[in-house]
Amino acid sequence: YMGSVNSQLIIEGGFNGRINKLVDSCYNFWQGAIAELIEIVLKGKGNYQGDWLYSQQGVQGYTLLCCQSKKGGLIDKPTKSADLYHTCYSLSGLSILQAKSMYNCLLYTSPSPRDLSTSRMPSSA
């Protein structure tokens, strides 16, 4: 977990996938989603309070300033060409970063036996 948060490079603002690798815009999603999922598991909610485990502005800045292709789409790093993979995961990562999310509604509690016995099932006749 801390490895994913520590993979954000200070100067570039984006994430890298492994130690001694360059930043790559697709890790907006891969690393950003890990942090979000861990928040859900540990706290029972996502980043609803706006308490981010990494620099949200750094990742957005890297993506929007360095990874937009002049021909459309997003690239993994400057000097590369745009492709669907990096466009998809860069935008998915930005979506995670730009939304406050509350997942309490996803926590499932099973119904009690009493609730099951009083529920009415639609008849198939």
Side-chain angles (χ1 to χ4, degrees):
Y1 161 64
M2 289 309 291
S4 67
V5 175
N6 290 331
S7 68
Q8 184 174 21
L9 301 182
I10 295 170
I11 294 173
E12 295 88 345
F15 290 111
N16 64 2
R18 295 183 306 275
I19 295 172
N20 296 326
K21 292 290 187 177
L22 298 173
V23 292
D24 188 325
S25 64
C26 69
Y27 288 108
N28 292 359
F29 173 75
W30 298 117
Q31 304 291 18
I34 289 171
E36 182 71 6
L37 291 172
I38 289 174
E39 286 285 325
I40 294 166
V41 170
L42 294 178
K43 297 181 179 179
K45 61 180 176 57
N47 62 349
Y48 186 68
Q49 303 297 327
D51 50 344
W52 297 93
L53 297 174
Y54 47 85
S55 171
Q56 174 190 18
Q57 293 83 9
V59 177
Q60 290 181 29
Y62 173 72
T63 304
L64 298 174
L65 297 174
C66 300
C67 296
Q68 293 188 62
S69 171
K70 292 178 181 178
K71 296 179 181 178
L74 293 168
I75 56 179
D76 63 340
K77 57 187 72 63
T79 72
K80 299 290 184 171
S81 299
D83 58 62
L84 293 175
Y85 177 87
H86 286 92
T87 299
C88 172
Y89 287 111
S90 297
L91 291 176
S92 297
L94 285 178
S95 176
I96 291 170
L97 291 167
Q98 294 180 347
K100 287 188 175 182
S101 52
M102 187 166 79
Y103 295 94
N104 290 335
C105 61
L106 297 179
L107 299 177
Y108 177 75
T109 56
S110 59
S112 69
R114 180 179 176 170
D115 293 338
L116 291 174
S117 66
T118 60
S119 67
R120 300 189 184 265
M121 300 295 288
S123 65
S124 58

Atom pair [atom1]/[atom2] of [X] and [Y] - distance to nearest 0.5 Å:
{"X": "S55", "Y": "Q60", "atom1": "OG", "atom2": "CD", "value": "9.0 Å"}
{"X": "L74", "Y": "Y85", "atom1": "CG", "atom2": "OH", "value": "13.5 Å"}
{"X": "S95", "Y": "F29", "atom1": "OG", "atom2": "CZ", "value": "9.5 Å"}
{"X": "D76", "Y": "Y27", "atom1": "CG", "atom2": "OH", "value": "10.0 Å"}
{"X": "C26", "Y": "D83", "atom1": "SG", "atom2": "CG", "value": "9.0 Å"}
{"X": "C67", "Y": "L91", "atom1": "SG", "atom2": "CG", "value": "11.0 Å"}

Taking all non-hydrogen atoms of both residues, which atom of [X] and which atom of [Y] are closest, and how far apart?
{"X": "P78", "Y": "Y62", "answer": "CD-OH, 3.9 Å"}
{"X": "A82", "Y": "G72", "answer": "CB-O, 3.4 Å"}
{"X": "H86", "Y": "I75", "answer": "CB-C, 4.2 Å"}
{"X": "K77", "Y": "L22", "answer": "CE-CB, 3.8 Å"}
{"X": "N16", "Y": "Q31", "answer": "O-NE2, 3.3 Å"}

Taking W30 as the starting point, is it possible to reach V23 by hopping between hydrophobic residues whose side chains are less than 4.5 Å apart? no
Determine whether L64 and V59 fall in the same hydrophobic cluster, where Ile, Leu, Val, Met, Phe, Trp and Tyr are linked whenever their side-chain heavy atoms lie under 4.5 Å apart. yes
Checking Q8 side chain against F15 main chain: does a donor-acceptor pair fall under 3.5 Å? no
Regarding N28 and T63, do their side chains bring together a donor and an acceptor under 3.5 Å, going by distance alone? yes
